[in-house]
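Notes to accompany the following structure.
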Amino acid sequence: MLIAACCSGAGILASCRLSNRVLALESCLSFVQALCEELRYTLARTEDLLLSLGERGRFAKLDFIGNAARLTKEGMDFPTAWHTAVDGSALPLEPEDRRVLGQVGELLGASSAEGQLAQLAQCQRLLEEQRAQAQEEKTSKGNLFRSLGMLGGAGLFILFL
């Protein structure tokens, strides 16, 4: 019986990872949108933008924001700090998600406000594509993982009887 429960749990865990990726990408999209708004209306320095956004409760799960701000304060240049923080993030993101999110660090502070906003809009589009893909994976594979976990557990249970 324990084996059946473990197999079912493994299927549910795999399904939850897919859901968590969708939620993480939605939070990243909200962050980039807020970053655009802040950049458009405040023209604040990059570090100040990150600190301001990182203090907002809705971005608390985005650990890379605070880590990038901390690394920048410690003297690391912003693009390197951003990439280090995104790559080291505990969020359940795929490598392609991290690559797109890493582009944000390359463009912040690198051009005029209008240029940054145009490039951030492109990053938003790419993140939205990643979110849509993750949602599709969640829909198609999530049920499959749960079902396979339960069926595998039931099959092993029957085998051991």
Notebook entry, point to check: F31 vs W82 aromatic rings, parallel, tilted or perpendicular, using cut-offs 30° and 60°?
Noted result: parallel
Spell out, yes or no, whether [X] and [Y] are grouped together once hydrophobic residues are joined by side-chain heavy atoms under 4.5 Å, including indirect joins.
X	Y	answer
V100	F59	yes
L29	I65	yes
V104	L117	yes
V32	L25	yes

Item checked: Any donor-acceptor N/O pair, T139 side chain to Q135 backbone, under 3.5 Å -> yes
Who pairs with [X] by side-chain contact (heavy atoms from CB on, under 4.5 Å), at least two apart in sequence or on another chain?
X	value
D77	P79, T80
E129	L126
S27	L62

Minimal non-hydrogen separation, [X] against [Y], with atom names:
X	Y	answer
D63	A90	OD2-N, 3.0 Å
C36	Q124	SG-OE1, 3.9 Å
A81	T72	CB-OG1, 3.6 Å
R98	S89	NH2-O, 3.3 Å
G102	V86	N-CG1, 4.4 Å
A24	L91	CB-CD2, 4.3 Å

Next item on the list: Any chance you could lay out the side chain to side chain contact (heavy atoms under 4.5 Å, CB included) test for R21 and D97, step after step, and finish with the verdict?
Entry: CA-CA 10 Å; R21 178 178 174 222; D97 305 335; 2.7 Å; yes
Spatial distance of atom [atom1] ([X]) from atom [atom2] ([Y]) [nearest 0.5 Å]:
X	Y	atom1	atom2	answer
C28	L101	SG	CG	4.5 Å
N67	D87	CG	CG	12.0 Å
H83	F78	NE2	CZ	9.0 Å

Note to self: Taking E96 first and then R99, would you say they form a salt bridge - that is, a charged N and a carboxylate O separated by under 4.0 Å?
What the structure shows: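 The answer is yes: the pair qualifies as a salt bridge.
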Notebook entry, point to check: Is any side-chain N of the basic residue among E128 and R131 closer than 4.0 Å to the acidic one's carboxylate O?
Noted result: yes
